[in-house]
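Step one of this worksheet: look at the structure below.
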Amino acid sequence: HRHVSLNMPLAAVRGLMAASKIAGALSAASLPSSCTPEPLMLHGSLCVYGYQCESQFCCPNLKVCLRNSKATVGPGDIKVRDGMRDEVWGIVAGRTCKQSGTNFQQCYQDQDGQPLDTWNQEVCGCHEEYMKRYKAGTWVTLNDIYGLKCGDYQAASSGEGQAAPDVATTVAATPEAGTTVPVAATT
């Protein structure tokens, strides 16, 4: 399995915690891709905001629902149509939004999965394809989850979104230099 995990510098986590207390949350309804899925999405589902995930944690770097901030994700966990799996995994494995850790006040969410009032995906170093789909509201709709409804979208697939695991490669994301702690240290 090729898995990606993510740790952040301690200073970034402390800054995020302070920002979420000071800045407050923005009304997500006015932002792109702000649908609330039914049912809430599980580990491995593509997401934009934490409130779209059952765990309330959408990794700000990967843009994937994770069980928690310490969880890893592999290509077999990603819940997209088989025809999109390689392209989407390439984006996720390369970190969908590479600069979210340095721009956490614009790229992270509060403990309830709501974007901070300083939210601005333009400064998060996100992959061009993700940004195109974020603005169009189609990143979440790449999920192949039986019965998924999100805004005007309703899945018409069989729900067989999981492929066999890729056992040929193994990779873990390298944390930034310095002391690291899990991304969402808030409770």
Side-chain angles (χ1 to χ4, degrees), residues 3-6 16 20 24-93 95-97 100 106-122 124 126-163 183-184 186-187:
H3 284 269
V4 177
S5 64
L6 194 59
L16 170 62
S20 68
L26 181 67
S27 170
S30 63
L31 296 170
S33 297
S34 61
C35 65
T36 300
E38 296 174 25
L40 292 178
M41 298 183 299
L42 301 175
H43 180 83
S45 302
L46 301 180
C47 56
V48 174
Y49 310 101
Y51 69 82
Q52 296 172 326
C53 306
E54 183 180 68
S55 66
Q56 293 189 323
F57 184 69
C58 178
C59 178
N61 296 307
L62 304 178
K63 294 307 194 180
V64 172
C65 294
L66 298 179
R67 282 181 206 90
N68 57 55
S69 63
K70 295 179 184 179
T72 62
V73 66
D77 298 319
I78 301 296
K79 305 192 183 332
V80 297
R81 295 181 299 277
D82 288 335
M84 293 293 299
R85 186 170 312 283
D86 290 342
E87 178 182 354
V88 170
W89 178 247
I91 294 169
V92 170
R95 293 192 180 180
T96 307
C97 295
S100 62
Q106 292 84 19
C107 307
Y108 284 21
Q109 300 139 53
D110 67 17
Q111 64 274 10
D112 297 321
Q114 296 291 329
L116 302 178
D117 63 3
T118 52
W119 180 263
N120 181 0
Q121 289 283 268
E122 298 288 337
C124 302
C126 299
H127 190 280
E128 181 181 344
E129 183 65 19
Y130 165 80
M131 285 303 295
K132 182 174 92 175
R133 291 183 173 278
Y134 164 73
K135 291 174 184 175
T138 59
W139 181 249
V140 170
T141 64
L142 288 174
N143 286 302
D144 186 18
I145 302 169
Y146 182 75
L148 176 68
K149 292 184 225 173
C150 206
D152 294 333
Y153 172 80
Q154 181 165 356
S157 76
S158 64
E160 310 247 342
Q162 289 191 299
V183 172
T186 59
T187 55

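Note that this is a predicted model, so its numbers are computed, not measured.
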Spacing of [X] atom [atom1] and [Y] atom [atom2] [to the nearest 0.5 Å]:
{"X": "F57", "Y": "Q109", "atom1": "CZ", "atom2": "CD", "value": "8.5 Å"}
{"X": "K79", "Y": "L42", "atom1": "NZ", "atom2": "CG", "value": "6.0 Å"}
{"X": "K149", "Y": "T36", "atom1": "NZ", "atom2": "OG1", "value": "13.5 Å"}
{"X": "L148", "Y": "L40", "atom1": "CG", "atom2": "CG", "value": "10.0 Å"}
{"X": "S45", "Y": "L142", "atom1": "OG", "atom2": "CG", "value": "11.5 Å"}
{"X": "E129", "Y": "T96", "atom1": "CD", "atom2": "OG1", "value": "11.0 Å"}

If you take all heavy atoms of [X] and [Y], which pair is closest and at what distance?
{"X": "P37", "Y": "C150", "value": "N-SG, 3.6 Å"}
{"X": "L66", "Y": "S55", "value": "O-OG, 2.6 Å"}
{"X": "L116", "Y": "D110", "value": "CD2-N, 4.0 Å"}
{"X": "N68", "Y": "A71", "value": "OD1-N, 3.0 Å"}
{"X": "V73", "Y": "W89", "value": "O-CH2, 3.4 Å"}
{"X": "R85", "Y": "I78", "value": "NH1-O, 2.6 Å"}

Donor-acceptor check, side chain of [X] to backbone of [Y], threshold 3.5 angstrom: yes or no?
{"X": "Y51", "Y": "P115", "value": "no"}
{"X": "H43", "Y": "V64", "value": "no"}
{"X": "Q52", "Y": "S33", "value": "yes"}

Check whether any side-chain heavy atom of [X] sits under 4.5 Å from a side-chain heavy atom of [Y], and report yes or no.
{"X": "R133", "Y": "K63", "answer": "no"}
{"X": "Y134", "Y": "P32", "answer": "yes"}
{"X": "L46", "Y": "V92", "answer": "yes"}

_Audit row: C53, C47, disulfide bond (SG atoms under 2.5 Å apart) steps and yes/no_ = CA-CA 7 Å; C53 306; C47 56; 3.7 Å; no

*Does Q56 have any side-chain contact (heavy atoms from CB on, under 4.5 Å) partners at least two apart in sequence or in another chain, and if so, which?*
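Applying side-chain contact (heavy atoms from CB on, under 4.5 Å) to Q56 gives D112.
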
*Sulfur to sulfur, is the gap between C124 and C107 shorter than 2.5 Å?*
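Judged by the SG atoms alone, which are under 2.5 Å apart, C107 and C124 are bridged.
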
*Any chance the SGs on C126 and C97 are under 2.5 Å from each other?*
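C126 pairs with C97 as a disulfide (SG atoms under 2.5 Å apart), so yes.
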
_Under the salt bridge (charged side-chain N to carboxylate O under 4.0 Å, His left out) test, residues paired with E122 that sit two or more places apart_ =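 If we apply the salt bridge (charged side-chain N to carboxylate O under 4.0 Å, His left out) test to E122, skipping adjacent residues, the hits are K135.
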
*Classify the ring geometry between W139 and Y130 as parallel (under 30°), tilted (30 to 60°) or perpendicular (over 60°).*
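Correct class here is perpendicular.
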
